Each structure stands twice: as C-alpha cells, then as structure tokens.
Amino acid sequence: GNAKQGLGDYQGAIADFSKAIMINPELSEAYNNRGIAKNKLKDYQEAIADYNKAIAINPQYANAYNNRGRAKDKLGDYQGAISDLNKSIAVNPHNYRVYTNRGVTKIALRDYQGAIADFNKSLTINPQYGDAYMWRGFAKGDLEEYQGMCLDWRKASSLGNTNATKALKQFCQ
C-alpha cells in the first residue's frame, strides 16, 4: 500500500490497506494510511472515517490527528481542524509540519498573528522547512507587511519551494 501510494496509485493503495485491515483490524497505521490515500483522492469524509478508526485504536497517534485536521480543513471545518492539530501537538510537540498545518488553518480563520506564531514555532524546530517560510509570507502579506512577505518568500524559494518562487516573481519585483 505504501509503495503504491508513493507511485500515485491511490486506488491500489486503498485496496492493499483494506486487505491489511482485513488481516489485522487493529492495525491503526493501515487505517491512517488508507485515509491518506482517500485524502489524495479528495474523499475527505471517508478519509476522516479512517482517521477516526486509527485514533480509536491508538488515541496517542499524533499523525492521525494531524491528518484528520488537514481533512477537516479541506472541508472548511476550521475549528475542528484546529482542535485536531492541537491534539497532535499535545501528543508530539516536535512535529514542525503540524505547526505549519495549524498556521495555514489560522490563515483561513484570519488569525494572521496566530498563524505567524505557528510558523515561527515550526521554523524553530526546523529552520530549513520552506513551506513554513512560504506560508508565513502569505500571512505577512495579509497583514500588509510586504517587505517581510518578500523576505520569507525569498528564503522559501532558496530552499526549493516552487510556490514561493512563483509568488516571489509575481509580487516582489
């Protein structure tokens, strides 16, 4: 399932994870990974159902909370997303990606200062994480801090973030 998912064969991955679940219905990783494949197919409700099962089996499964939060974000359930991302951080406060995910959701809620604080925390843990610079730049732009926005996008671009490179070319000439 993981190999098929890595190749972009999400239907094949779902089938393999489903077989793994039939063999061992208590394998929380299989539910989580099947949820990821469903998420890639934009089947967010079914992905959430799988994340729910993974969490029911293992309530300390930080990645399942993170993934469920991201799916809720895609459905516009921003408060539910924040709640799940907070749970993920409570279980594992060292995952820089979760802080970035929570920051992205805070942007959707127009909590730009809270978003910037989350991106800063992400960058404290991993100063080479280009996505956090890119998103922090967007939050700064929403606050009309254009110089800081462009600085963050330059840093993200230097770290290989192609979305930041595009934004930089469009807005920071």
Side-chain angles (χ1 to χ4, degrees), residues 1-59 61-89 91-92 95-112 114-115 118-119 122 126 129-139 141-142 153 156-157 159-167 170:
N2 288 332
K4 287 180 181 175
Q5 192 156 272
L7 294 171
D9 178 7
Y10 302 118
Q11 293 293 353
I14 289 168
D16 284 350
F17 292 130
S18 295
K19 288 177 188 172
I21 290 165
M22 286 175 45
I23 294 167
N24 182 356
E26 297 301 310
L27 188 60
S28 60
E29 293 84 358
Y31 287 100
N32 181 67
N33 292 348
R34 187 173 71 178
I36 292 169
K38 290 176 179 178
N39 192 67
K40 292 286 189 179
L41 294 172
K42 299 183 180 359
D43 190 355
Y44 303 119
Q45 292 291 355
E46 287 297 317
I48 288 170
D50 277 343
Y51 301 138
N52 288 344
K53 185 65 177 172
I55 290 165
I57 295 167
N58 180 1
Y61 198 170
N63 286 340
Y65 287 111
N66 176 54
N67 293 334
R68 188 172 72 180
R70 292 175 65 212
K72 287 180 179 180
D73 180 277
K74 295 287 188 184
L75 290 172
D77 178 8
Y78 302 124
Q79 292 302 332
I82 293 287
S83 177
D84 279 342
L85 296 167
N86 288 343
K87 288 175 187 170
S88 181
I89 289 167
V91 174
N92 178 8
N95 187 337
Y96 58 92
R97 286 185 170 94
V98 181
Y99 291 98
T100 297
N101 292 338
R102 189 173 69 178
V104 170
T105 300
K106 287 181 179 179
I107 288 175
L109 292 168
R110 294 188 165 93
D111 176 8
Y112 304 118
D118 277 342
F119 301 134
S122 177
N126 181 357
Y129 189 47
D131 284 4
Y133 287 105
M134 180 195 69
W135 283 107
R136 188 174 71 178
F138 280 115
D142 287 330
W153 287 349
S157 179
L159 293 170
N161 186 296
T162 57
N163 290 324
T165 303
K166 291 174 190 173
Q170 187 173 358

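Every heavy atom of this structure was used, including side-chain atoms; hydrogens, water molecules and symmetry mates were not. Bear in mind the structure is a predicted one, so any value in this text is a computation, not a measurement.
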Does the side chain of [Y] come within less than 4.5 Å of [X]'s, by heavy atoms?
| X | Y | result |
| --- | --- | --- |
| Lys72 | Ile82 | no |
| Arg102 | Lys106 | yes |
| Asp111 | Tyr78 | no |
| Asp142 | Ile107 | yes |
| Thr100 | Asp118 | no |
| Asn86 | Tyr65 | no |
| Asn92 | Val98 | no |

Closer than 3.5 angstrom, by distance alone: can the side chain of [X] be matched with the main-chain N or O of [Y] as a donor-acceptor pair?
| X | Y | value |
| --- | --- | --- |
| Tyr31 | Pro25 | yes |
| Trp153 | Met134 | yes |
| Tyr51 | Gly35 | yes |
| Ser88 | Asp84 | no |
| Asp73 | Gly69 | no |

Looking only at heavy atoms, which two atoms of [X] and [Y] are closest? And how far apart?
| X | Y | result |
| --- | --- | --- |
| Arg34 | Ser18 | NH1-OG, 2.9 Å |
| Leu85 | Thr105 | CD1-OG1, 4.0 Å |
| Tyr61 | Ala54 | CD1-CB, 4.1 Å |
| Ser157 | Ala164 | N-CB, 4.0 Å |
| Ala71 | Ile48 | CB-CG1, 3.7 Å |
| Ala37 | Ile14 | CB-CG1, 3.6 Å |

Show your working on side chain to side chain contact (heavy atoms under 4.5 Å, CB included) between Asn161 and Tyr133 and close with a plain yes or no.
CA-CA 9 Å; Asn161 186 296; Tyr133 287 105; over 6 Å; no

Evaluate the criterion side-chain hydrogen bond (donor to acceptor under 3.5 Å, both in side chains) for residue pair Arg68 and Asn52; output intermediate values, then yes/no.
CA-CA 8 Å; Arg68 188 172 72 180; Asn52 288 344; 2.7 Å; yes

To the nearest 0.5 Å, what is the distance between [atom1] ([X]) and [atom2] ([Y])?
| X | Y | atom1 | atom2 | result |
| --- | --- | --- | --- | --- |
| Phe138 | Tyr112 | CZ | OH | 12.0 Å |
| Asn163 | Asp131 | CG | CG | 8.0 Å |
| Gln11 | Lys4 | CD | NZ | 11.0 Å |
| Lys40 | Asp9 | NZ | CG | 13.5 Å |
| Asn63 | Glu29 | CG | CD | 10.0 Å |
| Ser28 | Asn58 | OG | CG | 5.0 Å |

Any luck finding a side-chain donor-acceptor pair between [X] and [Y] under 3.5 Å?
| X | Y | answer |
| --- | --- | --- |
| Ser122 | Arg97 | no |
| Asn66 | Asn95 | no |
| Asn32 | Asp50 | no |

Test side chain to side chain contact (heavy atoms under 4.5 Å, CB included) on Gln5 and Phe17 and set out the steps.
CA-CA 10 Å; Gln5 192 156 272; Phe17 292 130; 3.8 Å; yes

